[in-house]
Amino acid sequence: MSDYLSQLNDVQRQAVTTTDGPVLVVAGPGSGKTRVLTFRIAHLIEKGVAPWEILALTFTNKAAKEMKERIEKIVGDKSDKVWAGTFHSIFARILRVEADKIGYPPNFTIYDTDDTKSVLSAIVKELHLDPTAYNVNNIRSRISSAKSNLITPRKYAEDEALRLQDRQANMPQIYAIYEKYTARCKRSGAMDFDDLLYRLYELWHTNPDGVLDKYRAKFKYVLVDEFQDTNHLQYAIVRKLVHYEGSPRNICVVGDDAQSIYAFRGATIQNILDFEDDFKPFGIRVFKLEQNYRSTEQIVQAANEIIIYNKRQIPKQIWSDKGLGQKIKLIKAMTDNEEGRRVADTIVEQKNRYHLRNGDIAILYRTNAQSRIFEEYLRRYNLSYRVFGGLSFYQRKEVKDLLAYLRLVVNPKDEEALRRVLNYPRRGIGDATLDKLSEMAGATDTTMWENLLKVEASTRAKNAIGEFVALIQKATELNGNAHEVATYIAKGSGLLSHLKEDTTVDGMARLENANALLDGIKAFVEEDLETESTADKSLAAYLQNIALLTDLDQADPDPDFITLMSTHSAKGLEFKSVFVVGMEEKLFPSYMAMDNPEGLDEERRLFYVAITRAEQFLTLTYSNSRYRFGQMRFNEPSRFLEEIPRDVLESTSSMSPRGGRTVTEETSVGTPTAKVMGNFARRPAAPSGPVVDPATFKPSPSESIQAGMRVLHLKFGEGKVLNVDGGKDNRIATIEFKDLSDAPQKKIMLKFAKLQILGGEAP
DNA sequence: GTTGGTATCTGTGGA
DNA sequence: AGATACCAAC
């Protein structure tokens, strides 16, 4: 397969074939980013680079999976050997091998967010702190961001600025919690999600036995996807690997500042800027992918104009040649219920009129909690759908309980697992005993497990503990595969019979879930048994396999389903028809982000991500009222709706008389939508920009715009055309606006531009 | 220690 | 509204 290069445009091809030295690819939505990444890897392999010398890091399992599949299509089986995966999974893989060098067992447990929160609340209790002031979510995010910025517990304690912030937030003891939490994780042989990064950094930084040099020699080519979503720590790790004296610096990062949506967990687009600076002395090449192959022009135009409202961005102009396409549809509903019904109605209509399949359609929302109403209507209309995100299978209580037993068999130090199941199902070991155990462990720096048989307790408790320990030990001695051990535990612990006792509907669902987990373990043991006789089918291997999974990986009986997911998880996906729902103030943008400009910009980027998922049809919906916190709330339409250019909007409004049918009136295309926009809360337009009175504004034909002219723009006011680039349909003007102090120069696509010529001729 | 009731908080996003 | 946290009674 060598004609793959012909499937690329010029810039893409350069990004693929510039294999050596540092490369930054700025990739707009739908610009073929994954294609560039996968072709680049394939190209490296064809050039003779060994697959295992290539490291490709992504953010989500989904992205990693897609990348691997696409590489396989080009180079075949060799693709297996490429180190492609999420930051967390690749780093976990390395850490398992090197664990002993940093004082961890190779079978270390990975704590998920729930485990972390549970450890934290135990610590808050032990330190006799007020749990209302010490909110575990807040503590967790403080600790997480400390780790992401390479601040150790000791440094934290010495950092006056951080300590002051904590005092002001009424949580002066965070530093102590951080220290205790770190110690407890280590004692439990456990790492949380941040530790998977942090400990790898520590490993490479301290470099015991020259371990870093080993990986530097191994990974000759490094690629990072979604670079705009990396945090300081992730970049520090990557830099350790490729940025050193004598390194060939074969690193390629791909990202889009406009799609950075994880600042809330420490991601920073500063990394892109730093990357440019760090590698400038080493001949960095920058490629911008600006052609969008996904969406029709009006969707691209809307996206371009929205993102202009953001303060900081890398200048680029995304364009499409897919034709104007359909206008963006706007649906206004009176209630959240009506919103659900009308989205379902529109889906039925689109399916009929355009012959769309369910799989062509997605409903995107800001918060997972919004999915319920859409589910109800889709079910009522008999439309097959699937909800992604939210409570995943592995987060359900009954699944976590069984998993906790299994974790304990693999790693008896795991305190969280022990706390979870020592008295579940009930066997008469209460909080008092648990507290005593914890205290003993803390005092002697041993694990709770080691103290189980020594602890002072009632006869009943002591007997129960004895049986419990015997059960776990016996499971360990079984030495069977994952499924044998799991079945033994599920029965022997009384967990299954306990679940069977509950005959309510919910109770039966729980039993089913526990059985589904056992089935899943069985499938794990049996898969590829013939082909890979050497594959590790132990319980430890199973747990490692699932620890970093998020989505429910069940085969769907009906593969043609409508996708329901959060705007965050939609990144990287595309659908013919996309519904972005709940376009309301305090919801999208989220109330959490509304009070600061950075937060608002991130919400806007999130909206940008959402609308650029659409290939042909984009529908935005909002509701006047919705239930939140069990109460009816009234919200204004989202400010983002106002930022969409009116001439790409088509609007539909409705009245739903009590018990009556929906009356739908379509506003004709092209009519100025003042009537609709009149419903919006009025807000100043562009940040600090002047607003031109639309009544007196008369746009000139775009062909007549030439360099040197003075022009008027509806949002940015008066400016001077510095130059005009590109030909025919895709002429792009660089214009300096005198009233925009921050970033006066804007690139504007003339085809869509609303510019009025004020004077000044082409020289 | 367990049970059952009431009070309280939560409800961005994800590996 | 729904889950969890907490408290008094057994």
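Each chain gets a letter, A, B and so on, in the order the sequences are listed, and its residues count up from 1. Since this is a predicted model, take the numbers as computed values, not measurements.
Residues passing the side-chain contact (heavy atoms from CB on, under 4.5 Å) test with A/T152 are A/R154, A/K155, A/Y198, sequence neighbours excluded. A/N423 meets the side chain to side chain donor-acceptor pair (under 3.5 Å) test with no other residue; sequence neighbours excluded. For A/D601, the salt bridge (Lys or Arg N to Asp or Glu O under 4.0 Å) partners two or more places apart in sequence, or in a different chain, are A/R604. Under the salt bridge (Lys or Arg N to Asp or Glu O under 4.0 Å) criterion, A/R510 pairs with A/D502, sequence neighbours left out. Qualifying side chain to side chain donor-acceptor pair (under 3.5 Å) partners for A/K240, counting only residues two or more places apart in sequence or in other chains: A/H205. Checked against salt bridge (Lys or Arg N to Asp or Glu O under 4.0 Å), A/R380 has no partners two or more places apart in sequence or in another chain. Checked against salt bridge (Lys or Arg N to Asp or Glu O under 4.0 Å), A/R312 has no partners two or more places apart in sequence or in another chain.
With P as the reference atom, C/dT4 and B/dG13 are 16 Å apart, rounded to whole Å.
Nearest-nucleotide assignment on DNA chain B puts the 5′-proximal partner with A/T433, out of A/T433 and A/T86. In terms of position along DNA chain B, the nucleotide closest to A/G430 lies nearer the 5' end than the nucleotide closest to the other residue of the pair A/G430 and A/S144.
Under 3.5 Å, the side chain of A/T113 and the base of B/dA15 form at least one donor-acceptor pair of N or O atoms. Side-chain atoms of A/R633 and base atoms of B/dG11 include no donor and acceptor less than 3.5 Å apart.
Between the CD1 atom of A/I373 and the P atom of B/dG11 there is a distance of 19 Å, given to the nearest Å. Look at CE on A/M565: it is 12 Å from C1' on B/dG14, rounded to the nearest Å. Atom-to-atom, CG of A/D195 to C1' of B/dA15 comes out at 13 Å; the value is rounded to the nearest Å. Atom NZ of A/K65 is separated from atom P of B/dA15 by 14 Å (rounded to the nearest Å).
Taking the six-membered ring for Trp and thresholds of 30 and 60 degrees, A/W204 and A/Y215 have ring planes inclined between 30 and 60 degrees apart.
Here the two rings, on A/F227 and A/Y235, have centers that are under 6.0 Å apart.
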Could I get a table of every N or O pair under 3.5 Å where one atom is in the protein and the other is in nucleotides 3-5 of chain B?
unit_1, atom_1, unit_2, atom_2, d
B/dT3, OP2, A/R426, NH1, 2.0

Output a table of nitrogen or oxygen pairs between the protein and nucleotides 8-10 of chain C separated by less than 3.5 Å.
none

